[in-house]
Amino acid sequence: MDFITKHIWFLLFVAWGLPLGYYRSKFRKIVYQTDSWLINIKPLFWKEIKGLFGNIYRENRAYKKFRNFYRFYLTVYALLFIAYLIFD
């Protein structure tokens, strides 16, 4: 139990961060409209950022739904980091 209390922030970051790679890959595939795995290693950021904060595919319901989920996921990740900075 002592290990958990000493490393709670690390455990929270790992638990919340594990699916990040999958979610980012899925979002990039929607934004760049590709199924290629190469999208995960290419440094194409501007369209991804526009897709995250804007609405680049107005008629695509899957894009909007996943974009909103990804925003929520990243917001919780940011709040977790802020809480770590404040309370640790």
Side-chain angles (χ1 to χ4, degrees):
M1 190 65 174
D2 189 41
F3 176 81
I4 292 174
T5 56
K6 285 185 177 182
H7 300 95
I8 190 70
W9 289 110
F10 175 73
L11 296 172
L12 286 172
F13 277 116
V14 168
W16 193 255
L18 281 176
L20 178 62
Y22 172 76
Y23 293 150
R24 183 167 186 250
S25 172
K26 186 173 178 180
F27 184 72
R28 289 186 90 177
K29 286 179 180 180
I30 292 171
V31 168
Y32 293 107
Q33 297 181 337
T34 184
D35 285 330
S36 174
W37 65 272
L38 291 173
I39 196 68
N40 298 321
I41 58 173
K42 291 186 177 179
L44 308 170
F45 298 113
W46 292 115
K47 192 170 183 181
E48 183 179 359
I49 291 171
K50 288 178 187 176
L52 185 61
F53 294 111
N55 193 2
I56 58 177
Y57 302 122
R58 297 185 190 282
E59 66 284 344
N60 190 341
R61 288 179 158 273
Y63 157 71
K64 288 181 184 179
K65 184 177 178 182
F66 196 77
R67 179 201 60 196
N68 291 338
F69 169 76
Y70 193 50
R71 282 178 181 172
F72 167 76
Y73 180 83
L74 292 176
T75 301
V76 172
Y77 208 77
L79 291 174
L80 185 63
F81 183 70
I82 291 169
Y84 166 72
L85 292 177
I86 292 173
F87 296 116
D88 194 42

Which residues share a side chain to side chain contact (heavy atoms under 4.5 Å, CB included) with N60, sequence neighbours left out: Y57, A62, Y63
Pairing residues for S25 by the side chain to side chain donor-acceptor pair (under 3.5 Å) criterion, not counting sequence neighbours: N40
Co-members of W37 in a cluster of I, L, V, M, F, W and Y side chains, linked at under 4.5 Å: L38, I41
Atom pair CG/CZ of N55 and R67 - distance to nearest 0.5 Å: 4.5 Å
Side chain to side chain contact (heavy atoms under 4.5 Å, CB included) partners of K65, counting only residues at least two apart: none
Within 6.0 angstrom of N68 CG, more than 12 heavy atoms from elsewhere: yes
Side-chain (R28) to main-chain (T34) donor-acceptor, under 3.5 angstrom: no
Nearest-0.5 Å distance, CG of residue L85 to CG of residue L80: 10.0 Å
Residue Y84 excluded, over 12 heavy atoms near OH under 6.0 Å: no
Partner residues of F72 under the side chain to side chain contact (heavy atoms under 4.5 Å, CB included) criterion, sequence neighbours left out: V76
Rounded distance (nearest 0.5 Å) linking atom CD1 of I56 with atom OH of Y32: 8.5 Å
Same apolar cluster (I L V M F W Y, side chains within < 4.5 Å links), L79/L52: no
Interatomic spacing from CD1 in I82 to OG1 in T75 - rounded to 0.5 Å: 9.5 Å
Inter- and intrachain pairs under salt bridge (Lys or Arg N to Asp or Glu O under 4.0 Å), touching residues 4-24, at least two apart: D2-K6, R24-E48
Residues that Y23 engages under side chain to side chain contact (heavy atoms under 4.5 Å, CB included), provided they are two or more places apart: P19, F66, F69, Y70, Y73
Atom OH of Y22: over 12 foreign heavy atoms under 6.0 Å: no
Residue pairs passing the salt bridge (Lys or Arg N to Asp or Glu O under 4.0 Å) test where at least one lies in residues 49-60, sequence neighbours excluded: none
Where W16 and Y77 come nearest, the two heavy atoms and their spacing: CD1-CD1, 3.0 Å
K42 NZ: over 12 foreign heavy atoms closer than 6.0 Å: no
